[in-house]
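All ligand and atom numbering here is 1-based and tracks the order in the structure. Everything numeric here is computed off the predicted structure, so don't read it as measured data.
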Amino acid sequence: MPGLRILKALPLKMISIPLLVISGPSGAGKSSLLDRLLSNHPKIFGFSADTTRSPRPGETDGRHYHFTNCADFESLRAQNHFIESTEFAGNLYGTSIGAVKDVADSGRMCVLDIDLMGVKQIESNPYVQSKRVLIKPPNPETLRRRLQKRGTEAPEAVEARLARARSELQSAEGSGIYDKVIVNSDLDLAYRELDEYSMSLYRLVNKRDHV
Ligand SMILES: Nc1ncnc2c1ncn2[C@@H]1O[C@H](COP(=O)(O)OP(=O)(O)OP(=O)(O)O)[C@@H](O)[C@H]1O
């Protein structure tokens, strides 16, 4: 199992803090919702993931992703440094054990933004606890419009993302691996649901009500 050897060596404290996993198809609104969560609660939640894709306009290194190159990514992956990793649309994405540990060491809960395959890797790893949230678009047509309006992909790439979204959603809904499903119709309402869920999880873990 990837990462098992290193995870075994990590302090129990780190792996006993559950990861808050946000997943859903491309364009469902994961980044929009996570951005709000992290801006509203910077001392409570922390995000860290590596990717070889180029930054989109407005994305900065360290805040949205750690932007890296293929050689460095593959080297880390070969050394089992990732809890989960995947390839999507020609780019590599992964969550490194070190990044999760850095967030946990700062007293924050680590939030992950990953695809369904990543969720399955995490769910089946006995050394990692997680709570898993599925973000769904209200319907395929809305998803198409949002991806087109975002304008970060060529039309063929949008179609590829939509095809993958269909199969991912089918598979996600039958998987039983999600603790919470949020339909992102109205962004403010979807955010409120995510905020409530995440904060109650944080309070439960920290057994404190004053945050
Ligand atoms: N509820 C909403 N109403 C209208 N537009 C939305 C809503 N949620 C997200 N969007 C817009 O839809 C687009 C896709 O959202 P976002 O980039 O957050 O999705 P994502 O799930 O992170 O996608 P990816 O996995 O490709 O990074 C963005 O342009 C965003 O501003």
Side-chain angles (χ1 to χ4, degrees), residues 19-41 45-68 73 82 84-95 99 110-122 131-173 175 177-178 180-198:
L19 308 177
L20 176 60
V21 174
I22 311 290
S23 186
S26 176
K30 303 178 297 295
S31 311
S32 311
L33 291 165
L34 263 183
D35 241 26
R36 283 200 192 187
L37 190 74
L38 296 169
S39 306
N40 288 342
H41 308 290
F45 301 106
F47 171 74
S48 195
D50 287 16
T51 183
T52 61
R53 89 155 156 71
S54 309
R56 291 177 185 147
E59 286 185 333
T60 50
D61 191 42
R63 171 165 161 72
H64 295 90
Y65 279 99
H66 175 228
F67 294 99
T68 185
F73 191 103
F82 287 111
E84 59 79 34
S85 63
T86 193
E87 181 172 347
F88 180 69
N91 298 303
L92 297 165
Y93 296 81
T95 304
C110 193
V111 190
L112 274 50
D113 170 351
I114 57 181
D115 71 357
L116 180 64
M117 286 312 292
V119 181
K120 285 183 173 163
Q121 287 175 46
I122 284 187
K131 287 289 178 185
R132 302 170 290 273
V133 180
L134 174 66
I135 309 294
K136 276 179 63 175
N139 54 59
E141 205 31 57
T142 305
L143 184 61
R144 178 189 299 273
R145 269 203 312 278
R146 286 180 187 167
L147 280 172
Q148 286 169 340
K149 194 167 163 211
R150 187 172 74 181
T152 49
E153 281 80 29
E156 318 81 73
V158 167
E159 290 312 313
R161 280 171 191 245
L162 288 168
R164 180 162 164 157
R166 261 192 302 278
S167 72
E168 274 191 347
L169 279 172
Q170 256 174 13
S171 168
E173 280 169 328
S175 68
I177 59 175
Y178 288 97
K180 169 91 182 156
V181 177
I182 297 176
V183 178
N184 177 19
S185 300
D186 176 278
L187 192 61
D188 290 337
L189 290 180
Y191 176 71
R192 198 179 308 162
E193 249 189 282
L194 178 66
D195 190 291
E196 280 170 9
Y197 182 80
S198 309

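Nearest protein heavy-atom contact of atom 19 (O) of ligand 1 is Gly29 N, 3.2 Å. With hydrogens left out, the protein atom closest to atom 26 (O) of ligand 1 is Ser26 OG, 2.6 Å, a heavy atom. Given atom 22 (O) of ligand 1, the protein heavy atom at minimum distance is Ser31 OG, 2.6 Å. With respect to atom 18 (O) of ligand 1, the closest heavy atom belonging to the protein is Ser32 OG, 2.6 Å. Here the protein heavy atom with the shortest distance to atom 17 (O) of ligand 1 is Arg150 NH1, 2.7 Å. Among all protein heavy atoms, the one lying closest to atom 23 (O) of ligand 1 is Gly27 N, 2.9 Å. The nearest protein atom to atom 10 (N) of ligand 1, hydrogens excluded, is given as Arg146 CD, 3.9 Å; this is a heavy-atom distance.
Which parts of ligand 1 touch Arg161 is read off a 4.0 Å heavy-atom cut-off, strictly below it: atoms 26 (O). Ligand-side atoms of ligand 1 in range of Pro25: 21 (O), range being under 4.0 angstrom from any heavy atom. Here is the list of ligand 1 atoms found below 4.0 Å of a heavy atom in Arg56: 26 (O), 27 (O). Per-residue contacts place Ser185 under 4.0 angstrom from the following atoms of ligand 1 (heavy atoms of the residue considered): 1 (N), 2 (C), 3 (N). Close contacts between ligand 1 and Asp186 involve ligand atoms 1 (N) [criterion: under 4.0 Å to a heavy atom]. Atoms of ligand 1 lying under 4.0 Å from at least one heavy atom of Lys30, given by number and element, are 18 (O), 19 (O), 20 (P), 21 (O), 22 (O), 23 (O), 24 (P), 25 (O).
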Can you list the steps and then say if Leu187 with Leu33 is a side chain to side chain contact (heavy atoms under 4.5 Å, CB included)? CA-CA 8 Å; Leu187 192 61; Leu33 291 165; 3.8 Å; yes

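Remark: the backbone N or O of Gly94 is not paired with any side-chain donor or acceptor of Asp50 at under 3.5 angstrom. Side chain of Ser171 to main chain of Ser167: no donor-acceptor pair is present (N/O by atom type, distance under 3.5 Å, no hydrogens or angles).
Counting heavy atoms only, Asn184 comes closest to atom 8 (N) of ligand 1 of the residues Asn184, Asp35, Asp188.
Between Ala28 and ligand 1 there is a heavy-atom distance shorter than 4.0 Å.
Looking only at atom types and distance, the side chain of Thr51 has no donor-acceptor partner in the side chain of Arg53 under 3.5 Å away. At a cut-off of 3.5 Å, with distance as the only test, a side-chain donor of Asn139 or Thr142 sits close to an acceptor on the other residue.
Ring centroid separation for the pair Tyr65 and Phe47 comes in under the 6.0 Å cut-off.
The shortest N/O to N/O separation between Leu147 and ligand 1 does not fall below 3.5 Å.
For the salt bridge (Lys or Arg N to Asp or Glu O under 4.0 Å) with Lys136, the qualifying choice from Glu168, Glu193, Glu173 is Glu173, the only one to do so. Results of the side-chain hydrogen bond (donor to acceptor under 3.5 Å, both in side chains) test with Ser26 over Arg161, Glu153, Arg164, Arg146 single out Arg161 as the only residue that passes.
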